[in-house]
Structure formats: C-alpha cells, structure tokens
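Report on the structure given below.
One-based numbering along the sequence shown.
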Amino acid sequence: MDRYLVFGHPVRHSKSPFIHTLFARQTQQELEYGLAEPAVDEFAHALRTFFDQGGKGCNVTVPFKEQAFTLVDCLSPRAKRAGAVNTIKLTDDGVLLGDNTDGAGLVADLKSHGVTLADSRILLLGAGGAARGALAPLLAELPSELVIANRTHTKAQQLAAEFHDLGPVTAQTYEQLAGPFDLVINSTSASLQGELPPLAPALIHTDIAIYDMMYGASDTAFISWAKQHGARQTMDGLGMLVEQAAEAFTVWRGIRPGTKQVLRELKRNLGVI
C-alpha cells in the first residue's frame with residue numbers, strides 16, 4: 001500500500017490524516033497516511049529515510065517548509081515563488097518534486113464562499129511565509145490592487161517588490177491604510193495568541209469579506225473583532241486546509257477529490273457543527 005506522511009513539529013494535532021483518509025475512501029485510492037514529528041535538526045534525515053523506505057509523497061508543515069524547499073530535486077513554479085514547499089511527490093523516475101498548494105487552497109476556498117477576486121481591492125495582513133505563498137495565486141485572479149500591511153513595514157515593501165511583476169501589489173503601513181477594501185486576509189498568526197493586527201475599525205464595513213487563515217472550534221479573535229465592527233461575511237482557514245490538501249492529493253494521485261463533504265466531516269470532528 002502506498003505510504004504518505006505529514007512532517008511537522010509539533011504535528012500530533014494535525015488533521016491531515018483525517019482529511020486524506022476521507023479523500024482516499026471517496027476516490028477509492030489505496031493508501032495510508034500518517035504523522036512524523038522529527039526533531040528540528042533531524043528533518044532532512046527523516047525525509048530521506050521515508051522515501052528510501054518506499055514512501056510516495058508527503059506534506060510538510062511548520063517549521064519545515066523552508067527547509068524542504070532546499071531538499072527536493074526540483075520545484076514547481078508556485079513553490080519557487082512561495083520560497084517554501086508543503087507538498088513533496090516522488091515521481092516515477094525517482095525525482096523528488098517540491099510543490100506549494102497553500103495559495104491554491106486559499107483561492108479555492110474563497111471562491112467556494114462566493115468571494116469575487118477579479119477587480120477587487122484586497123488587503124493582505126502579514127508578510128511571512130503564509131503571505132508569500134498566497135500572493136501569486138491571488139494576483140493570478142487579477143485584483144485591481146493588492147495591498148500588503150505588516151508590523152515591520154520593510155518586510156512588506158520587500159515582498160511587494162518581489163511580486164510586483166505579477167500584478168498591482170503595493171506595501172503600506174497600518175497607519176497609511178485607506179478604504180474601501182473588498183477583502184481582508186489575515187495571514188498573521190496573531191489569532192493563535194488571541195491577539196489582533198493593528199487594523200483601524202473604520203476599514204470594516206458591511207460589504208467587506210474577512211478571511212483569517214487561522215481556525216478553531218469557535219471564531220478567531222480577528223473574526224470576532226470584524227463581526228463586532230459590522231462585517232457580515234467572515235471565513236476562517238479550515239476550508240483552506242481542506243482545499244490545499246485536495247490540491248496535494250491531486251498532485252500525488254492524479255485525481256481530484258471533492259471537498260464539501262470532507263469539510264463537513266472535519267467540522268463535525270472539531271465540534272464546529
């Protein structure tokens with residue numbers, strides 16, 4: 001039976017085995033999917049050992065995505081742009097292909113919620129790895145403008161300059177931001193600590209779409225805050241988790257699973273519904 005893993009540290013909380021087991025059942029693919037939590041300095045050895053022992057593919061999560069980028073034999077265009085790898089496939093000719101499905105998962109989830117990206121004005125909060133992975137897929141949807149805001153403004157400027165060839169992307173300080181925006185995406189990890197980006201409440205309006213890449217059994221701090229200030233459409237990152245997994249499954253198996261029922265099952269598993 002073909003073997004797949006998710007590498008992370010920590011990773012015991014990962015929902016990837018649950019998701020991919022459902023995908024395999026749905027598509028009648030015979031595979032097993034497990035967890036691997038090597039020490040931070042042992043990831044390279046663990047990755048090589050997994051593939052030497054017959055592994056077919058893996059997902060990579062925090063803190064190994066940037067390291068995985070340097071360990072594969074070749075990179076997909078979107079992995080090159082993201083500067084990180086979250087999906088690895090052993091090809092038929094023995095090559096380790098590194099890919100990044102995070103941004104594609106984000107865009108797919110936004111579209112599943114009916115969010116229009118073309119000609120929209122998007123605000124992306126944060127300039128770390130999550131923002132980097134999202135930028136190329138978002139710009140491919142042809143927004144009218146994509147603004148990056150980050151606590152360290154120079155990081156936002158560097159990121160905007162790096163992706164400027166793909167579309168109208170700029171960097172602004174939080175103090176410079178002026179609405180209206182059609183969509184705000186929080187790519188920071190602030191919600192994990194129950195904290196908020198320093199966003200002015202005046203930027204929130206009833207027709208804005210709010211997306212937090214973090215998720216939980218209840219609303220994240222950012223979503224709760226946005227609702228308090230009038231946002232009617234809010235989304236967390238649970239759908240993105242399932243959509244990026246579906247993209248990875250497609251890379252590995254050549255068949256695309258459906259995501260709606262799997263997302264419902266995941267929400268039930270987390271106690272969200």
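Taking 4.5 Å as the limit, every side-chain heavy atom of L117 sits out of range of all side-chain heavy atoms of P143. Looking at T250 and P257, their side chains come closer than 4.5 Å, going by heavy atoms from C-beta outward. Q176 places none of its side-chain heavy atoms less than 4.5 Å from the side chain of V147. Between V242 and F23, some side-chain heavy-atom pair lies under the 4.5 Å cut-off. Between R132 and F163 the shortest side-chain heavy-atom distance falls below 4.5 Å. Side-chain contact between L110 and M240 is absent, with no heavy-atom pair separated by less than 4.5 Å. Taking 4.5 Å as the limit, every side-chain heavy atom of T188 sits out of range of all side-chain heavy atoms of R151.
By the rule that hydrophobic residues join a cluster once side-chain heavy atoms approach within less than 4.5 Å of another member, L5 and F69 end up as members of one cluster. With hydrophobic clusters built from ILVMFWY side chains whose heavy atoms lie under 4.5 angstrom apart, L31 shares a cluster with L35. Taken together through direct or relayed side-chain contacts under 4.5 Å among Ile, Leu, Val, Met, Phe, Trp and Tyr, L123 and I148 form parts of separate hydrophobic clusters. I208 and L177 fall within a single hydrophobic cluster, where Ile, Leu, Val, Met, Phe, Trp and Tyr side chains are chained together by heavy-atom contacts under 4.5 Å. Hydrophobic cluster membership is shared by F249 and L238, with clusters built from Ile, Leu, Val, Met, Phe, Trp and Tyr side chains linked at under 4.5 angstrom.
No side-chain donor-acceptor contact under 3.5 Å links Q158 and E162. For the residue pair S16 and N59, no side-chain donor N or O sits within less than 3.5 Å of a side-chain acceptor on the partner. Side-chain polar atoms of S76 and D99 form a donor-acceptor pair below 3.5 angstrom.
Nearest heavy atom pair, residue M213 against residue A130, reads SD-CB, 3.8 Å. Here the closest heavy-atom approach between residue A104 and residue P137 is recorded as N-CG, 3.9 Å. Minimum heavy-atom separation, A178 to R121: O-NH1, 2.8 Å. Considering all non-hydrogen atoms of both residues, Q172 and H153 come closest at C-CE1, 3.5 Å. Of all heavy-atom pairs between G126 and N150, the closest is CA-OD1, 3.5 Å. Between P38 and F43, the shortest heavy-atom contact is CG-CA, 4.1 Å.
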- Step by step, work out the side chain to side chain contact (heavy atoms under 4.5 Å, CB included) result for L71 and I88. CA-CA 10 Å; L71 295 173; I88 301 176; over 6 Å; no
- Message: Quick one, V6 with H20, criterion side chain to side chain contact (heavy atoms under 4.5 Å, CB included). Give me CA distance, side-chain angles, the key distance, then yes/no.
- Response: CA-CA 10 Å; V6 56; H20 283 286; over 6 Å; no
- Query: Going through the checks in order, is the side chain to side chain contact (heavy atoms under 4.5 Å, CB included) test met by E265 and F18?
  - Reply: CA-CA 9 Å; E265 291 294 331; F18 181 87; 4.2 Å; yes
- Full working for side chain to side chain contact (heavy atoms under 4.5 Å, CB included) between D2 and W252: CA-CA 11 Å; D2 291 346; W252 294 328; over 6 Å; no
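For the atom pair NE2 of H229 and CG of L203, the computed distance is 11.0 Å after rounding to the nearest 0.5 Å. Taking OG1 from T220 and CD1 from I210, the interatomic distance works out to 10.0 Å, rounded to the nearest 0.5 Å. Distance CG/L146 to CG/L166: 11.0 Å, rounded to 0.5 Å. Separating the CG atom in D182 from the CD1 atom in I122 is a distance of 8.0 Å, to the nearest 0.5 Å. For the atom pair CG of D102 and OG1 of T61, the computed distance is 8.0 Å after rounding to the nearest 0.5 Å. To the nearest 0.5 Å, atom OG1 of residue T27 and atom CG of residue L22 are 10.5 Å apart.
Distance alone, capped at 3.5 Å, is enough to place a donor-acceptor pair between the Q26 side chain and the G258 backbone. A donor-acceptor pair under 3.5 Å links the side-chain atoms of T70 to the main chain of Q67, judged by distance alone. A donor-acceptor contact shorter than 3.5 Å is absent between the side chain of Q53 and the backbone of F50. Distance alone, capped at 3.5 Å, is enough to place a donor-acceptor pair between the S144 side chain and the S120 backbone. Of the possible donor and acceptor atoms, one in the side chain of E37 sits under 3.5 Å from a partner among the backbone N and O of V11. Under a 3.5 Å cut-off, the side chain of K15 and the backbone N or O of L266 do not form any donor-acceptor pair. Of the possible donor and acceptor atoms, one in the side chain of S187 sits under 3.5 Å from a partner among the backbone N and O of L125.
Within a 6.0 Å sphere centred on CG of D93, heavy atoms belonging to other residues, nucleotides or ligands number more than 12. Heavy-atom contacts from other residues, nucleotides or ligands closer than 6.0 Å to NZ of K56 number 12 or fewer. Counting heavy-atom neighbours within 6.0 Å of H205 NE2, excluding the residue itself, gives a total above 12. Counting heavy atoms of neighbouring residues, nucleotides and ligands inside a 6.0 Å radius, atom CD of E30 does not exceed 12 of them.
Outside the 6.0 Å centre-distance limit, the rings of F7 and F64 are not counted as a close aromatic pair.
F222 and W225 have parallel rings, their planes meeting at less than 30° on a 0 to 90° scale where 60° marks the start of perpendicular.
Using a 4.0 Å cut-off between a side-chain N of Lys or Arg and a carboxylate O of Asp or Glu, D236 and K267 do not qualify as a salt bridge. The pair R78-E247 counts as a salt bridge, with a side-chain nitrogen and a carboxylate oxygen less than 4.0 angstrom apart.
Under the side chain to side chain contact (heavy atoms under 4.5 Å, CB included) rule, L159 has a single partner from L124, V169, L135, T154, which is L135.
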